[in-house]
Amino acid sequence: MTITIEDVRAAVHDMSAKLYDGRRYDLVGFSIRGASHPYIEVHDGVIHWVVMERGVESQQRTTTEDLNEALHWVALDATNSLAMHWELKQRDRWPADRDTRIGWLAKQVELLHRIDAQWAEQFRAGIPARCPGVRLRDVDTHPLT
């Protein structure tokens, strides 16, 4: 079966329901939105992750024929944005010298876990390499409520 844009949109909506208490949203664009927002195109069963900046592709176009891989990209992007906004709203709860990445990463792990436990664990395992100085025990014990 060849993947269509409708297949991707339906899968993204199913994923969004896990993040938004059953409500379904486009977590990624399905056409150019501008301002460096990623969007998905599907051509002949191949899924393309595209980012445009001022009418020019600003990143290497990423492609796959694997719907699960494309959904992983969407999940990482969406949960990053949600976690960043959550952390900004929580920032006044912690000492000013606390590394803000701890809360951000803790929330992103939690959000990813709602979607796929394996994706959450992969992301968590990569934190020390991606974020030098952030300890996993601090991420794991950061309050999320």
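Note that these values count all heavy atoms, side chains included, but never hydrogens, waters or copies made by symmetry.
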Beyond-backbone contact of Pro38 with Val50, side-chain heavy atoms, under 4.5 angstrom:
no
Check whether any side-chain heavy atom of Met15 sits under 4.5 Å from a side-chain heavy atom of Leu27, and report yes or no.
yes
Could you tell me whether the side chains of Thr100 and Glu87 share a donor-acceptor contact shorter than 3.5 Å?
no
Students should find that the hydrophobic cluster of Val46, defined by side-chain heavy atoms under 4.5 Å apart, otherwise consists of none
Heavy-atom donor-acceptor pair, Asp116 side chain to Gln118 backbone, under 3.5 Å:
yes
Non-neighbouring partners of His85 that pass ring pair (Phe, Tyr, Trp, His ring centres under 6.0 Å), sequence neighbours left out:
none
What residue pairs, at least two apart or across chains, pass ring pair (Phe, Tyr, Trp, His ring centres under 6.0 Å) with a residue in residues 124-145?
Trp94-His142
Partner set under side chain to side chain contact (heavy atoms under 4.5 Å, CB included) for Arg24, not counting sequence neighbours
His13, Asp14, Ser16, Ala17
Taking side chain to side chain contact (heavy atoms under 4.5 Å, CB included) as the definition, give me every residue that meets it alongside Asp21, ordered by chain and number, with sequence neighbours left out.
Arg23
Could you check Ile5, Thr4, Val8 and say which one makes a side-chain contact (heavy atoms from CB on, under 4.5 Å) with Ile47?
Val8
List the residues meeting side chain to side chain contact (heavy atoms under 4.5 Å, CB included) with Ala11, not counting sequence neighbours, and say none if there are none.
Leu67, Leu71
For Leu136, the side chain to side chain contact (heavy atoms under 4.5 Å, CB included) test, sequence neighbours excluded, returns Arg124, Ile127, Pro128, Asp140
Kindly state each residue pair satisfying salt bridge (Lys or Arg N to Asp or Glu O under 4.0 Å) with at least one member in residues 101-111, sequence neighbours excluded.
Asp99-Arg101, Lys107-Glu110, Glu110-Arg114
Restricting to ring pair (Phe, Tyr, Trp, His ring centres under 6.0 Å), what partner residues turn up for Tyr25, sequence neighbours left out?
Tyr20
Output all residues satisfying side-chain hydrogen bond (donor to acceptor under 3.5 Å, both in side chains) with Glu69, sequence neighbours left out; order by chain, then residue number.
Thr64
Enumerate the ring pair (Phe, Tyr, Trp, His ring centres under 6.0 Å) contacts for residues 96-129, please, sequence neighbours excluded, ordered by first and then second residue.
His72-Trp119
Asp77: what forms a side-chain hydrogen bond (donor to acceptor under 3.5 Å, both in side chains) with it, not counting sequence neighbours?
none
